[in-house]
Asker: 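Handing you this structure, nothing more for now.
All of these numbers come straight from a predicted model, not from anything done at the bench. Just so it is clear: chains get the letters A, B, ... in the order the sequence lines come, proteins before strands, and each one is counted from 1. Values reported hereafter were calculated over all heavy atoms of this structure, with side chains retained and with hydrogens, waters and symmetry mates removed.
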Protein chains: 2
Amino acid sequence: MTVTIRDVARASGVHVSTVSRTFSAPHMVNAATRSRVLTVAEELGYRPNRAARALTTGRTHNLGLIVADIANPFFPPLIKAAHAAARQRDYHLFVADTDEEPAAEEELIQAFSKQVDGVVLCSPRSSNKVLERLAERVPFVVINRRLRGAATVLMDVGHGARLAVEHLAGLGHRRVALVTGPAGSWTSDEIRTAAEQVPGVELVVIGPNPPTERGGFGAAERVRESGATGVLAYNDLVAIGLIEGLGDLGLEVPGDVSVVGIDDIVPGRLNRPKLTTVAMPTAAAGRLAVDLLIQEVAATTSLETRLVVRDSTAAPR
Amino acid sequence: MTVTIRDVARASGVHVSTVSRTFSAPHMVNAATRSRVLTVAEELGYRPNRAARALTTGRTHNLGLIVADIANPFFPPLIKAAHAAARQRDYHLFVADTDEEPAAEEELIQAFSKQVDGVVLCSPRSSNKVLERLAERVPFVVINRRLRGAATVLMDVGHGARLAVEHLAGLGHRRVALVTGPAGSWTSDEIRTAAEQVPGVELVVIGPNPPTERGGFGAAERVRESGATGVLAYNDLVAIGLIEGLGDLGLEVPGDVSVVGIDDIVPGRLNRPKLTTVAMPTAAAGRLAVDLLIQEVAATTSLETRLVVRDSTAAPR
DNA sequence: AGGTTTAGTGCAACTGTTTGCAGTCTTGAA
DNA sequence: TTCAAGACTGCAAACAGTTGCACTAAACCT
């Protein structure tokens with residue numbers, strides 16, 4: 001049988017409320033009593049039941065984290081950091097995967113609402129209207145999306161994209177292709193408008209493309225036709241696929257064309273050539289998101305991105 | 001304020017117990033009453049409070065999943081599959097990361113114990129003694145480890161390793177190096193004993209090595225010295241690092257030496273050359289583990305591994 | 001017609017904690 | 001010495017459900 005607060009109370013000769021307080025408000029109980037209760041609790045192997053506690057306090061000490069696809073290499077570092085931040089304050093973390101389905105997103109938030117103190121929603125696919133309604137049921141923080149009434153954590157891709165194009169320009173590339181992501185993607189737009197602002201380079205836009213390796217692979221032909229010597233890809237997966245596609249076309253990277261990705265996922269670091277990329281602070285975002293949630297502040301924060309130069313970029317022939 | 005079972009009861013003119021039953025034992029309530037209660041509940045936006053339910057029933061409908069490192073590419077597919085399996089039966093999943101620390105493992109299980117109906121423990125680092133004691137507090141299923149009294153899901157690396165070495169032998173390699181993992185690793189031993197059983201190849205063991213890219217990189221020199229033309233690496237990360245190290249030494253893969261990895265992680269699929277590897281059924285393992293947990297069966301299952309031949313292996317020069 | 005089952009519902013106790021209120025006992029100050 | 005203020009601690013009512021038991025009424029059998 002599980003040992004409860006009553007067992008501890010009986011065994012240490014005090015009332016249950018005293019036992020309760022030694023755990024949830026230690027300063028309210030006499031030092032001697034407290035230590036006696038604690039040792040008895042230790043002996044009996046007592047651990048407070050969080051569900052019961054949640055019932056009265058309304059706080060569960062649980063958080064929810066919803067991502068589009070756990071297996072997409074972009075997310076694990078974010079999940080890991082969020083988990084670490086949560087544990088640090090003694091919170092537990094539900095992790096959920098929507099499989100890119102907006103409906104699952106809504107469903108999950110509903111299901112979580114009674115069971116968590118807040119949820120962090122990563123790159124949500126649902127409409128603003130839906131999210132705003134949901135935000136009334138449970139506190140939110142949204143990563144990578146602006147949402148009225150919710151705390152948001154943004155990563156400044158625009159800045160990174162500009163750095164990337166400037167890097168290419170600095171190497172001497174005059175014509176650079178932008179291999180975009182899916183139509184209507186907020187990120188894709190950010191990248192594009194930022195890239196367009198760099199003087200001295202002619203930008204040719206190739207897209208929309210699926211945000212995957214296959215998407216990049218499929219764009220290789222058009223990149224060659226464009227005559228661009230430098231490429232900024234929607235993300236690392238696209239960049240890696242593109243490099244492979246270019247290889248099949250007989251084009252070397254970075255010899256014939258330079259390509260830079262965005263995200264800085266692990267496969268990019270391991271790939272050959274090692275990918276030059278815009279590092280997204282996913283870990284920082286995950287950590288910050290849970291901090292905002294726990295402290296219940298409704299700020300909207302923007303995180304810096306930076307350029308990581310590796311081996312997939314060089315001066316043009 | 002949140003709407004409770006009592007609100008629904010009042011609004012539909014029945015007792016709370018009837019409302020309770022329409023949700024937890026629908027067959028016990030008259031069809032007409034049931035539908036009335038349901039529509040009222042819908043109107044009011046009622047959702048059962050799982051924490052409260054857990055208090056009386058003792059079942060939380062939550063599961064815990066503990067892995068060594070969320071950001072290690074080996075785990076995300078497993079986590080994703082476990083999550084999907086859990087959702088399918090309306091369970092939620094806590095995910096936790098031990099950062100490779102055995103102490104964190106124990107701590108997490110303790111913390112979970114009151115809050116979940118079971119936990120799946122992936123490649124645990126704790127001692128059997130500790131785990132067996134913990135198994136009394138909460139049902140377990142362990143992946144990748146034999147443990148008395150707990151359901152276990154094993155992946156048959158040995159079989160895969162044999163296939164890999166046979167593949168190399170079939171290509172004509174007579175001398176193959178085994179780049180092992182950390183000393184005392186169960187997996188490492190499995191691989192070795194299986195590899196030794198393949199006739200017609202001379203096996204040279206190189207190790208122990210850290211189970212990382214750097215570990216593989218560092219072993220390149222010794223691989224060259226060994227004179228082996230084929231290599232089986234402890235895992236894909238090691239294989240990838242090794243390929244890079246060999247490259248730095250002027251050795252081409254698969255031209256000069258063939259290498260096969262183990263795990264089939266995403267970076268291996270994306271790498272150039274694409275990695276020949278032993279595919280571990282991590283997704284199946286995750287799914288199976290939660291199924292075992294939910295059905296409370298204490299079986300010990302073994303999952304098949306298979307060889308995926310890609311571009312990092314070829315006949316020797 | 002009378003007895004027995006059965007379906008449906010209500011009652012109230014219980015799950016493990018928290019917490020506002022009230023009581024007791026010291027302690028310090030006037 | 002008296003009174004007020006603390007410091008502890010106990011009491012009991014929540015929190016949101018579930019469930020064994022009892023009760024009623026209808027249906028079913030002889």
Asker: Is it the case that the side chains of Asn128(A) and Arg146(A) hold a donor-acceptor pair, with the cut-off being a distance below 3.5 Å and no angle test?
Answerer: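 Short answer, no.
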Asker: Look at the side chain of Thr305(A) and the backbone N and O of Asp156(A), then say whether any donor-acceptor pair between them is shorter than 3.5 Å.
Answerer: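 Side chain of Thr305(A) to backbone of Asp156(A): a pair is present.
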Asker: Check for a donor-acceptor pair, side chain of Asp117(B) on one end and backbone N or O of Thr60(B) on the other, with a separation under 3.5 Å.
Answerer: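 Between the backbone of Thr60(B) and the side chain of Asp117(B) there is a qualifying donor-acceptor contact (under 3.5 Å).
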Asker: Hey, can you tell me if Phe112(A) and His92(B) have their rings parallel, tilted or perpendicular (30° and 60° cut-offs)?
Answerer: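 Ring orientation, 0 to 90° scale: tilted.
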Asker: Need to verify one output field. Residue with the more 5' nearest nucleotide on DNA chain C, Arg36(B) or Leu55(B)?
Answerer: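 Upstream on the strand: Arg36(B).
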Asker: Using heavy atoms to find the nearest nucleotide of DNA chain C for Pro48(A) and Met28(B) separately, return the residue whose nucleotide is more 5′.
Answerer: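 Its nearest nucleotide lies further toward 5', so the answer is Met28(B).
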Asker: Give, for atom CD1 of Ile143(A) and atom CG of Leu65(A), the distance between the pair rounded to the nearest 0.5 Å.
Answerer: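 Taking CD1 in Ile143(A) and CG in Leu65(A), the distance rounds to 7.0 Å.
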Asker: Donor-acceptor check, side chain of Glu105(B) to backbone of Arg125(B), threshold 3.5 angstrom: yes or no?
Answerer: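 Confirmed, Glu105(B) side chain pairs with Arg125(B) backbone.
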Asker: Quick check for you: to the nearest 0.5 Å, what is the distance between Gln110(B) atom CD and Leu108(B) atom CG?
Answerer: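 Going from CD on Gln110(B) over to CG on Leu108(B), the span is 10.0 Å.
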Asker: What range of DNA chain C does chain A touch, first nucleotide to last, counting atoms under 4.0 Å from its heavy atoms?
Answerer: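 Result: dG16(C) to dG20(C).
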Asker: Using the heavy-atom set of chain A and a strict 4.0 Å cut-off, write down the first and last nucleotide of DNA chain D that makes it in, 5' to 3'.
Answerer: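 Both ends considered, the range comes out as dC8(D) to dA16(D).
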Asker: At a heavy-atom distance below 4.0 Å, what parts of residues 13-24 of chain A sit against DNA chain C?
Answerer: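 Heavy-atom contacts with DNA chain C come from Ser17(A), Ser20(A), Arg21(A), Ser24(A).
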Asker: Answer with base, sugar-phosphate or nothing: what part of the nucleic acid does Arg47(B) contact at a heavy-atom distance below 4.0 Å?
Answerer: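 If one applies the 4.0 Å heavy-atom cut-off, Arg47(B) turns out to touch the sugar-phosphate alone, with no base involved.
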Asker: Using only atom types and a distance under 3.5 Å, with no angle test, would you say the side chain of Arg36(A) pairs donor to acceptor with the backbone of Ser12(A)?
Answerer: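 At least one qualifying donor-acceptor pair exists.
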Asker: Please tell me which of Asn30(A) and Arg6(A) maps to the more 5' nucleotide of DNA chain D, matching each residue to the nucleotide holding its nearest heavy atom.
Answerer: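 Its nearest nucleotide being more 5', the pick is Asn30(A).
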Asker: For the pair Ser188(A) (side chain) and Gly181(A) (backbone), establish whether a donor and an acceptor sit closer than 3.5 Å, ignoring hydrogens and angles.
Answerer: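 Answer holds: yes.
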Asker: Is atom CD of Gln88(A) surrounded by more than 12 heavy atoms (other residues, nucleotides or ligands) closer than 6.0 Å?
Answerer: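 No, the 6.0 Å shell around CD holds no more than 12 heavy atoms from other groups.
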